[in-house]
K.L.:
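Quick one: structure below, then a few questions.
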Amino acid sequence: MSLTLHNTLTKGKQPFTPITPGRVTMYCCGVTVYDDCHLGHARSYLGWDVLRRYLRWRGYVVHYVQNFTDVDDKILNRAKAEGTTMAAVSERYIERYFEDMRRLNVLDADEYPRVTEHIGAIHELIGQLEAKGYAYGAEGDVYYQVGQFADYGKLSGRSQSTLEAGASGRDLATTAKADPADFALWKGAKPDEPAWDSPWGPGRPGWHIECSAMIRARLGATIDIHGGGGDLVFPHHENEIAQSQAASGKPLAHCWLHNGMVTVNGEKMSKSLGNFTTIRDLLDGRWAEYPQPVDPMAVRLFVLQGHYRKPLDFTKAAIAAALSNWQTLKAGLLFGDRHGANLGWPAPTSAPSSATRQTGETPWVERFQAAMDDDLNTPRALAVVFELAKGLQREHNRLTHGGDTPENSAQLCQQWQTLVDLAQVLGLEADLMAEEQTGAGLDDGAIADLVQQRQRARQHRDFATADQIRDRLAVVGVTVVDQPDGETRWHRQ
RNA sequence: GGCGACAUAGCCAAGUGGUAAGGCAGAGGUCUGCAAAACCUCCAUUCCCCGGUUCGAAUCCGGGUGUCGCCUCCA
């Protein structure tokens with residue numbers, strides 16, 4: 001059994017074999033830091049996070065690099081509008097990127113290189129391309145000569161003749177390019193713009209060269225996995241390949257992974273259309289479609305319920321369903337924390353984030369792994385997770401509502417540990433402490449008092465009062481359950 | 001116009017030649033003063049349409065239709 005991944009380069013699934021056995025180098029295109037991250041970013045980085053977690057669980061040592069593009073027209077425009085600097089804008093949105101991703105339980109990458117830290121490396125790369133005849137200067141700009149690179153178009157599946165024919169609609173009069181398909185490696189500085197000195201005069205890097213330069217600087221000429229959104233296949237990744245491979249003579253990445261696009265109510269979500277929703281708006285209840293706070297884990301679950309290469313449609317109904325799904329899964333994940341001690345289970349062995357495999361081979365684990373090995377089929381993997389969670393949820397409910405002690409405690413313990421381990425691979429983790437916050441404002445004694453009062457009312461058949469108390473408790477997240485024997489149990493939601 | 005992806009129950013979704021996983025929602029029942037919760041049971045003779053291959057197809061081939069994406073900044 002081995003991991004297979006869909007490689008955009010070969011347009012099919014292929015077994016994953018790292019260059020160095022046991023080690024994986026992966027790079028994913030990061031954000032341009034001029035605004036808050038949106039649902040598309042969430043989908044994308046959640047996906048790569050799961051890939052990274054899974055590779056670790058599979059026993060690989062993963063070196064994961066994700067860049068921040070901190071030189072760009074959009075950042076510049078924002079800085080101008082705010083009367084501040086590009087660096088200040090970048091810094092702010094980098095910070096907010098981390099806030100958003102950490103809420104979604106996306107693990108930090110190993111390195112976050114920035115364009116501004118790699119100007120030297122970019123110069124070096126452009127210099128090499130120039131020396132090898134792949135680049136030419138024109139009016140202070142430096143362009144990549146696409147016609148010189150025989151493999152151009154291999155990733156995105158387009159021929160050079162197609163590209164030229166498809167250049168219609170673009171205003172070519174203003175560019176100094178020799179060929180419409182050529183693209184900028186270095187852009188000459190315009191007045192009043194930040195610029196770096198270079199052998200070609202002051203200016204700044206073109207859009208694609210940064211990634212080529214940073215990959216080489218941080219990971220080497222050839223990496224195992226390069227990921228990004230499907231919208232980056234062309235031109236961004238095509239151009240990265242052209243730059244890197246022309247310079248090194250080696251393949252840039254063995255496996256190219258691309259995630260599907262996000263839509264909202266069936267419509268494309270994009271910055272240019274202005275219909276995008278930010279991650280924090282969704283989580284904080286500021287999404288018009290679902291104006292209530294959304295548990296980040298439910299978002300994670302929602303994203304993982306679809307395959308990473310397929311389109312993902314955010315709808316009100318889908319988010320609502322994901323929240324219900326998460327309730328079920330959470331009940332399973334917290335089972336051991338809640339009942340383990342009472343059942344005499346050994347101290348919690350739940351694995352911290354990013355840990356490698358905690359459980360042995362079981363049918364559950366085998367099915368989970370088979371699903372994930374098949375191009376990260378998280379929907380299928382989640383079926384296994386839910387089967388485990390459902391069983392535990394059922395036992396939890398029996399314990400909570402009826403006090404029945406499970407007969408198969410040892411087996412249950414194993415199921416719980418397996419569930420926690422597998423869910424962790426998907427980044428799905430529940431926090432008992434956070435759960436117990438529900439009903440804050442009323443301590444156990446106060447709740448017990450109210451339950452007592454309600455019991456007395458019921459005994460006097462004063463159901464109006466009894467129901468009033470029940471409603472009051474429900475508001476603070478406490479559920480009361482009347483037992484057949486007349487006893488009343490309560491628990492926090 | 002060029003390139004590509006996808007079409008499975010109310011919704012999300014798995015399935016890649018052997019007779020439709022899983023979740024959500026829903027229905028009925030048990031329990032209950034009642035409601036919520038809980039528990040049990042049920043919930044696609046059928047996989048966009050039309051042909052074809054096959055003993056057998058959601059799964060393969062051909063042709064339609066529809067939706068979406070990329071080709072320009074975008075994860």
Side-chain angles (χ1 to χ4, degrees), chain A residues 8 11 13 28-32 34-35 37-48 66 72-74 153 156-159 161-163 165-171 207 227-236 238 258-263 266-273 276 301-302 305-307 309-313 315-329 367 371 374 377-387 389-390 393-394 396-402 404 458 461-464 466-467 470-471 474 479-484 486 489-491 493:
Chain A
T8 307
K11 289 164 186 53
K13 291 181 199 174
C28 296
C29 287
V31 286
T32 300
Y34 74 103
D35 201 353
C37 289
H38 54 64
L39 302 180
H41 295 119
R43 198 272 166 90
S44 192
Y45 299 123
L46 234 33
W48 309 135
Q66 184 183 319
D72 179 87
D73 282 342
K74 293 186 289 292
S156 56
R158 49 195 93 197
S159 64
S161 55
T162 304
L163 286 165
S168 61
R170 270 187 272 173
D171 183 11
W207 174 30
D231 52 346
L232 295 180
V233 175
F234 186 89
H236 187 55
E238 195 69 71
H258 292 97
N259 63 268
M261 296 293 98
V262 158
T263 54
E267 269 198 322
K268 177 197 177 182
M269 191 193 72
S270 74
K271 290 183 179 178
S272 57
L273 288 181
F276 70 94
L301 193 49
F302 168 63
Q305 265 167 341
H307 184 87
R309 283 195 291 118
K310 287 195 175 182
L312 182 71
D313 193 26
T315 62
K316 175 186 178 166
I319 292 299
L323 282 160
S324 294
N325 281 319
W326 173 237
Q327 289 301 118
T328 297
L329 183 49
R367 285 170 58 208
D374 184 14
N377 194 328
T378 51
R380 214 167 91 203
L382 276 171
V384 178
V385 168
F386 268 96
E387 282 174 35
K390 274 279 183 178
Q393 183 195 37
R394 185 165 47 242
H396 166 245
N397 288 331
R398 282 180 177 151
L399 279 161
T400 307
H401 293 273
D404 302 334
R458 288 180 73 215
R461 303 196 67 78
D462 178 5
F463 296 120
D467 292 351
R470 182 167 60 192
D471 290 346
T479 306
V480 296
V481 183
D482 301 325
Q483 304 292 128
R489 303 168 65 91
W490 64 269
H491 62 91
Q493 199 174 32

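Quantities reported herein were computed from a predicted structural model and do not represent experimental measurements. So you know, we letter chains A, B, ... as the sequences are listed, proteins then strands, and number each from 1.
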K.L.:
Please give, in whole Å, the distance from B:A37 C1' to A:Asp471 CG?
P.N.:
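So the CG-C1' distance, A:Asp471 to B:A37, works out to 14 Å.
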K.L.:
Taking atom P of B:U72 as reference, at what distance in whole Å does atom CG of A:Asp73 sit?
P.N.:
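It works out to 17 Å between those atoms.
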K.L.:
Mapping A:Met261 and A:Gly266 to their closest nucleotides on RNA chain B, which lands nearer the 5' end?
P.N.:
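Result of the comparison: A:Gly266.
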K.L.:
Mark up nucleotides 24-35 of chain B, 5' to 3', with B wherever a protein heavy atom is under 4.0 angstrom from a base atom, S wherever such an atom reaches only the sugar-phosphate, and - elsewhere.
P.N.:
SS-----S-BBB
K.L.:
Mind checking the CG-NZ spacing from A:Leu329 to A:Lys390? Nearest 0.5 Å is all I need.
P.N.:
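These two atoms lie 11.0 Å from each other.
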K.L.:
According to a strict under-4.0 Å criterion, is A:Asn397 in side-chain N/O contact with OP1 or OP2 of B:A37?
P.N.:
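It does not, given that no N or O in the side chain of A:Asn397 lies less than 4.0 Å from OP1 or OP2 of B:A37.
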K.L.:
Just the rounded figure in Å: distance from C1' of B:C71 to CG of A:Leu232.
P.N.:
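It is 14 Å, rounded to the nearest whole Å.
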K.L.:
Would you mind pulling out the nucleotide paired to B:U32, Watson-Crick or G-U wobble, both distances under 3.5 Å?
P.N.:
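Result: none.
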K.L.:
Residues in side-chain contact (heavy atoms from CB on, under 4.5 Å) with A:Arg394, at least two apart?
P.N.:
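side-chain contact (heavy atoms from CB on, under 4.5 Å) list for A:Arg394, sorted by chain: A:Arg398.
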K.L.:
Establish, with yes or no, whether the OP1 or OP2 oxygen of B:A13 is under 4.0 angstrom from a side-chain nitrogen or oxygen of A:Asn377.
P.N.:
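No, no such contact exists.
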K.L.:
Remember a base hit wins even if backbone is also touched, and classify A:Lys13 as base, sugar-phosphate or nothing at under 4.0 Å, heavy atoms.
P.N.:
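Base contact - A:Lys13 has a heavy atom under 4.0 Å of at least one base atom.
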K.L.:
Check the distance between B:G69's P and A:Lys310's NZ and give it to me in whole angstrom.
P.N.:
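Rounding to the nearest Å, NZ of A:Lys310 and P of B:G69 are 17 Å apart.
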K.L.:
Measure the OG1-NE2 distance between A:Thr328 and A:His396 for me, rounded to the nearest 0.5 Å.
P.N.:
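Output value for this atom pair is 12.0 Å.
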